[in-house]
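Working notes for the structure below.
Whatever order the structure lists ligands and atoms in, that order sets their numbers, starting from 1.
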Amino acid sequence: MTVSGEARQRAEYLRGEIERHNHAYYVLDAPTLPDAEYDALFRALQSLESEFPELLTADSPTQRVGGRPLEGFAPVRHAVPMLSIHTETDTGPGGAWAFDARVRKALALPEQAPPIEYAVELKFDGLAIALRYEHGVLVRAATRGDGETGEDVTQNIRTVRRIPLRLINAAPAVLEVRGEVFMSRPDFERYNEQQRRAGKPALVNPRNGAAGSIRQLDPRMAAERPLSFFAYGIGEAQGWRLPATHGDVLAALAGFGLPVCEHRGLARGAGELVEFHDRILALRDALPFDIDGVVYKVNALALQQELGFVSREPRWAVAHKYPPQEALTTVEAIDVQVGRTGAITPVARLAPVFVGGATVTNATLHNEDEVRRKDVRIGDTVIVRRAGDVIPEVVGVLPERRPMRHQPDGASTPVAPAFVMPRTCPVCGSAIEKPEDEAIARCTGGLYCPAQRKQALLHFASRRAMDIEGLGEKLVDQLVDGGLVKTPADLYGLDLARLAGLERMGEKSARNLLAAIADSKTPTLARFIFALGIRNVGESTARDLARHFGNLDAVMAADAARLQQVPDVGPVVAASIVHFFAEAHNRQVIEALAEVGVRGTPSEPVAIDSAIAGKTFVLTGTLPSMTRDEAKALIEARGGKVAASVSKKTDFVVAGAEAGSKLDKARALGVAILDQAQLMELLEP
Ligand code: IVH
C-alpha cells in the first residue's frame, strides 16, 4: 500500500504537536494539554505508524518507549573530545579566588584590569551525555567514555522525556549538545518505593540510578526509570553562527527547546563567584536534584580559545565543590530510640564521619522493616547521607565490605547477626507493640515512660483532658528536666515554693497554676480516660467507655471481647486498651493519682431526650453563632453522638455556611438537614 500524502502530512502534524506538548510539559513545566488529549494524539500517531511503517521516523515520539535489547553498545568517536573539568577542592571562598587568579595570570592581565566575566551554573551529579542533532533531529547520543570514544546509547536516551527528539525553531545542520542526564530526588524516591513494593532491588542513589539506566542494554528497562536532563554546553556545530559568549550559547540551546537549568547567571570577578557559590549552597537542599558543586566558565568564547587546555582540562572552567552529602563509614552498634509519642526508631551508631558540613555519629534507620530491607549489621560499611536539616540516614550497605566468618567447608557467614527489634522499651522496660499493618513499633509505657513523659503530661493537662490552664510546653520542660514531675500524679504534689522558683514564674502565676491543678482533681470519667493517653482512644471513645462501664475499675478489668461490646470499639482499639492497662507502670500511675484524690467521676446521668438520645449527627460548614465544638458539646450533653462523616447511619446533618461535600452526600442519601436554629429547637428540653 502506498502512503497517501495526506497520511504523511497527518503523521508530520501529530509528531509536531506531541513534541510541542512534550516541550511545554517536560522542559517548560507548563502543560498545554490535558493528559487524556495528549494520549489521544499519541495513540493516533502510533496507529498511523503501524498502518504505514514507512512513516516511522527516528525522531518519532512513539520511539521513546524503548526498542529491542542490544548486544552491547557500539563505540562512538567524539568529533570534539569530551573533556573533564578541573575540580577546586577548597570548598571555601579560596576555591573561587584561586581560579580567578589562575585565569588572570594565564591571560597576563595587569592587576588593575577590570574583572573577568564568568558564566556560572550548577554542577549536576549524573552522567555526561553528548546529543547529536542533524538538521534538528536527534540522531545519536553517546556517553563520555574516555573522552575520545564513548558508547552509543541512543535507544536509551530516546526514553528520556525531557530530551527533545527534534529541536524547535531553525536548527543548525549539525549541533552536538552536551549535558548531564540525572534522576531527580522525587523520581528516585518514587521509583525506589515502587521497586520495594514489587519486592525488587532499590537504587542506592540517584546518580547510580541515572548511570545504570543509560547503560541498560534493554531500553525497555531504561524507559521505566525516570530520568531528567540539563544541557550545559556544545561540541561540534556546523551551519551555526556561534554566539560570542557561553551564556548566549545556553540561551540559544533553550531557544531550540532544550532544557537548560534556570539557576545560572553571570558573575564578574572572584567576589561574585563566591556570592554565587554561597547562594546556591543555601538553595542546595531545596533543589529537587543532587548537585555536588557549581561550575564557573569564562564567558567570552574568544577568551576560552585563548586560554586553551592543560592536560585534557580547560583552563577556562572549574568545578567549585560543596561538602559531600554522602560518605562511607562503619556501623559500631544499632540501638533503638524512643520518641515523644513512644515511636521506637532503630538508630545506627557510626564511626564519626564528616558529611554534609557536620560530623555525624548517629543515623536513623527509620523502622524495623527498613533495617531488615537494607540488612544493616554491626561492622558493616555503610553510605550515610546528611542533607541540610534532615536527620542523617543510612542509605545502604556495601555488601562486599561486610565482615565474614569463613567456614572450613568454604562457606562464609556474616560475623554479625541480623538486627532484631527488642521486645521491651530500652528507656522504661515496658512492652513494645507493633500492629501487623504498621511500620512503627511503639513503647506501651505511655504515662510512665520518661521518653514520653513530657508529651504525656501535656496531653494529660490539655483543655479537653484534665484542663489544667497554664501548664504549657515550656513549663512541662522545666518540671520534667528539673526532676519535679515524673508522672501526672506528681503534679498534685507541687508546692508554691518550688513552682515560684522556676524560670519566668512569679508567685502570682504559681498560685494560679496550683489552683488550676487543684481544680482538675475530679474530672468526668470520660475526660479522665481520655487524659490517660491510651493509644487509639480519643475523646469520643473515652466517652463511650465511660458511659458503658460507669467506672474506671470496670474498664480496667474488661477483656478485649467485653471492650468490643462498646459501640465503635473494634479489635484495634480494644487491643490498645488491654495493652495499656496490662502495663504495671500505667496501673501504678492510676493508683498514685487515686491516692492524691484524682479520679474520674461518672458523668452525670444525661437528660435523656428521645429526639436526640442515640441519634448520630454530622456537623458541617460554619454555624452563625456557635463553633462546631460548642454544638457538639450540646448534642452530646443530650445523649446524641457526633460523627465525622455522613453515611446511611447518619440521622441529622447540621449545615452552616459553606458546607461542602458532606451536605451534598446528606442530600444524596436523604438524610435530614438542619440549620443552627432547627438544631437549637430540637435541643430545647
Ligand atoms: S562543563 C569542558 N558544566 O562534570 C567542560 N560539566 O568533569 C566540560 N558536569 O562529568 C564540562 N555539571 O558531566 C560542565 N554545568 C556543568 C556540569 C558539568 C556537571 C559534569 C560533567 C562531567 C564533569 C566534568
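- Residue R402 places its CZ atom among more than 12 non-hydrogen atoms of other residues, nucleotides or ligands, all under 6.0 Å distant.
- Side-chain contact annotation: H246 with E117, donor-acceptor N/O pair under 3.5 Å absent.
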Problem - Candidate pair R386 and E326, rule side-chain contact (heavy atoms from CB on, under 4.5 Å), full reasoning - result: CA-CA 6 Å; R386 178 180 180 275; E326 289 186 357; over 6 Å; no
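- Listed by chain and number, L83, S84, I85, E121, L122, K123, F124, A128, R144, E180, Y232, V295, K297, P314, W316 each place a non-hydrogen atom less than 4.0 angstrom from ligand 1.
- The environment of I391 atom CD1 is sparse: at most 12 non-hydrogen atoms of other residues, nucleotides or ligands sit within 6.0 angstrom.
- Between E393 and H366, the side chains place a donor N or O and an acceptor N or O closer than 3.5 Å (distance only, hydrogens not considered).
- F354 CZ: more than 12 foreign heavy atoms inside a 6.0 Å radius.
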